[in-house]
Structure formats: C-alpha cells, structure tokens
Amino acid sequence: MNTKEIKEEIQRLKKEKNAVILGHYYQIDDIQKLSDYVGDSLALAEKALNVDCDIIVFCGVHFMAETAKILNPSKKVLLPDMEASCSLAESCKGEDFAKFKAQYPDNMVISYVNCSAEIKALSDLICTSGNAEKLVNSLPKDQKIIFAPDKNLGGYINSVTGREMVLWNGVCMVHDAMQAEEIIKLKVKYPQAKVIAHPECNGALLKVADFIGSTKAMLKYIEKSDSKQFIVATETGILYEMKKNNPDKEFITLGDGGSCACSDCSYMKMNTLEKLYNCLKDETPEILMSDEMIEKAKRPIIRMLDMSKQLGII
Ligand code: 13P
Ligand code: SF4
C-alpha cells in the first residue's frame, strides 16, 4: 500500500471499529492530521475520560496511553509502538522511588504526568506542565512536597512559587539537551524574535526565555503576541499546530542554528503511519494493567482533574 492508501485504510478501520485516535502535538504531521483530537497531555487525559468509542488509539508515548487506560479501563487502549517511552518515565522506577519517598515521610508526593503507573500509584497528586504552578500554589504554604520525576520542571515551579520541593533527579532528554548558548546565537541572528520555552528545559536556558509555558500556553502566547518571529525551545512536532494557526508568523527551532538537531523526541517519533494502521487492524499492542494498579494510579489523576476544574484551569 502507498501512503495515500494507508491513510484511507486508517479512516475506514476507525469507522468500522468505532475507534478514536488521540494524538499528541509531538506526533508527526500525518498522524496529527488523522487524529480525532490533538492536544497536550492534560487535554488528552481529559478527553480520554469522556470520549465515546470502543477503542482509543493513543498516538503519543506509553505513559500517556497508560493514563488513558487508567481513566477509561473499560475501553481497549492501543499504542502503535509499545517501545515509545519517555526519558522521564525511564529515570524513575517504582522500587527506587519508594526508597526515596521513605526518606521524607512528612512530604506529599506530586508527580508530573510523565511517569509510569507505578509512580502514579505512589503519588498523592499528578500534575502536567500546564497546571503544575497553580496546583502547587493552591496547597498550604507549609505543605512539604516531593516533586518527581522532572528536576527542571520542579526547579522552575520552586522558582515561581517560592517553595522548596524536594526534587527527583530526572530530565527530559530532549528539552534538557537544549542549550542557552544556542538560543543566544539565534537571538543574534533574529534579534526581533521572542524566545518561548517549555519548563522541561534546563534552568540556564529558561533564564534567556521571554516566555515559559506548557505546549498549550505557548500556542496561546503566539496567537496573542504582536511579534512575527519566535525561537521555539521545545519538541518540533508542535510546529505543525503553530504554523497552522499562525501562517503569517515565523518559527525558528534550535536545529536551525546549525550546531544541533536536538529538538526531536525519538520516542514520540516511533509512531508511524504504518504502525498506526497495523495497530488498528490487529488491535495490538494493547495497554493491559491489573485492576489494583488502575485503582491506585487513578486516585491522584482524578484529584488533579478535580482540582484543575475547581481552579478554572480546565
Ligand atoms: P505537555 O504536557 O505539554 O503535553 O508535554 C508533554 C511532554 O512530553 C513534554 O515533553
Ligand atoms: Fe518524554 Fe521528553 Fe519525549 Fe516528552 S519530549 S515524551 S518528556 S522524552
């Protein structure tokens, strides 16, 4: 089959099987175009809770598909490539984290959604980059907190909230590799451009950013901004949505500086059209979890969704 035929088959199978494709902004353009809903991890988690279908095909990474299964256990949740992981999830294994947590018995545990179900089950509250600051701010000032697994996002939240959360030592391999020096070189070349960065970037890079925010917050910032040029310090998949919504604006990524090509997440890009087609056709690979794990991991996610509603974030 050629690409056009594969795309047609995906559409046909989707209807035949009453399936819905949820696609993350970091997926390749063709997958975003075929998705019924495209969004960041918070929006997709919320969608997974309410979506009306028999099968969810999650085009993103493993922890995202797992979250969809936890929120919607009666549905079949498929992930085109089971190997599509995340360096943050990989950095934080259950046994190690349980030992770490035991050192701070008075601390509540807030985990970034980029972690395994096992870590979610050991957490009191889940957050995303889109709601972390508001959730943390809504907690009593004297509440002691462990934040896992992203030390960059945790460090950023500490800096904007004045907290001293204890941080697990994990990073996103894509955002952490982006260098402030590279941004400065691009700023020299494009002096009018605004620098927008995801809070998973390292602290030195965040210091040279004009705007720091989640994927969705960056999209909003671009739409409202009078600026015509943006240096984008995040994963390249998001450029599809940025360009679609802002055809008159220019987006420069770190690879454009010539000295690195570090803006692609190799895990996110493991999902291909062929794998999506095979996954819909064969209804595998499927996310399978024990009822006990689903129950334990669900509590802190539901708490996040409830708090986010109360705070007017969703
Ligand atoms: P969002 O929470 O903005 O969707 O980001 C997910 C992610 O993997 C960032 O690298
Ligand atoms: Fe994980 Fe980073 Fe890839 Fe996002 S971009 S899925 S945080 S490795």
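From a predicted model like this one, the values you see are computed outputs, not experimental measurements. One is the number of the first residue; the rest follow in order along the sequence.
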Exercise for the section: Determine whether the side chains of Asn271 and Gln27 contain a donor N or O and an acceptor N or O closer than 3.5 Å. Expected result: yes
Handout entry: Student check: side-chain heavy atoms of Leu305 and Leu71 closer than 4.5 Å
Key = yes
Problem - Glu235/Lys269 ion pair, N-O < 4.0 Å - result: yes
Handout entry: Heavy-atom pair of closest approach, residues Lys296 and Pro300
Key = O-CD, 3.4 Å
Exercise for the section: Output yes when a side-chain donor or acceptor of Gln229 lies under 3.5 Å from a complementary backbone atom of Ser227, and no otherwise. Expected result: no
Exercise for the section: Please work out which of the three classes, parallel, tilted or perpendicular, describes the rings of Phe100 and Trp168, given edges at 30° and 60°. Expected result: perpendicular
Exercise for the section: Using a 4.5 Å cut-off on heavy atoms from C-beta on, say whether the side chain of Ile70 contacts that of Ile301. Expected result: yes
Handout entry: Polar contact flag, side-chain donor to acceptor under 3.5 angstrom, Ser111-Ser123
Key = yes
Handout entry: Side-chain (Lys101) to main-chain (Val109) donor-acceptor, under 3.5 angstrom
Key = no
Taking distance alone, no hydrogens or angles, what donor-acceptor pairs closer than 3.5 Å link side-chain atoms of residues 142-162 to residues at least two apart or in another chain?
residue, atom, partner, partner atom, Å
Asp150, OD1, Asn152, N, 2.9
Asp150, OD1, Leu153, N, 3.4
Lys151, NZ, Asn169, OD1, 3.3
Asn152, ND2, Asp176, OD1, 2.9
Asn152, ND2, Glu200, O, 2.9
Asn158, OD1, Met165, N, 2.9
Asn158, ND2, Met165, O, 3.3
Ser159, OG, Tyr156, O, 2.7
Thr161, OG1, Ile157, O, 2.7
Thr161, OG1, Arg163, N, 3.3

Handout entry: Audit row: Asp36, Lys47, salt bridge (charged side-chain N to carboxylate O under 4.0 Å, His left out) steps and yes/no
Key = CA-CA 11 Å; Asp36 297 286; Lys47 192 50 83 181; over 6 Å; no
Exercise for the section: Check the pair Lys187, Val195 against side-chain contact (heavy atoms from CB on, under 4.5 Å), reporting the backbone distance first and the verdict last. Expected result: CA-CA 8 Å; Lys187 261 304 250 191; Val195 177; 4.0 Å; yes
Could you tabulate the donor-acceptor pairs under 3.5 Å formed by side-chain atoms of residues 16-25, not counting sequence neighbours?
residue, atom, partner, partner atom, Å
Glu16, OE1, Arg12, NH1, 2.6
Lys17, NZ, Leu280, O, 3.0
Lys17, NZ, Lys281, O, 3.0
Lys17, NZ, Glu283, OE2, 3.0
Asn18, ND2, Asp54, OD2, 3.2
His24, ND1, Tyr26, N, 3.0

Exercise for the section: Could you tell me whether Asp81 and Lys275 have a side-chain N and a carboxylate O separated by less than 4.0 Å? Expected result: yes
Enumerate donor-acceptor pairs with a distance under 3.5 Å from any side-chain N or O in residues 307-314 to protein atoms, sequence neighbours excluded.
residue, atom, partner, partner atom, Å
Ser308, OG, Asn131, ND2, 3.3
Ser308, OG, Met304, O, 2.7

Exercise for the section: Please answer whether the main-chain N or O of Ala68 pairs with a side-chain N or O of Asn72 as donor and acceptor at a distance below 3.5 Å. Expected result: no
Completion exercise
Output for pair (Ile110 CD1, Cys127 SG), nearest 0.5 Å, gives 6.5 Å
Practice task
May I ask you to decide whether Glu223 forms a salt bridge with Lys220, counting only side-chain N to carboxylate O separations under 4.0 Å?
Solution key: no
Handout entry: Pairwise side-chain contact, Asn245 with Glu241, heavy-atom cut-off 4.5 Å (strictly under)
Key = yes
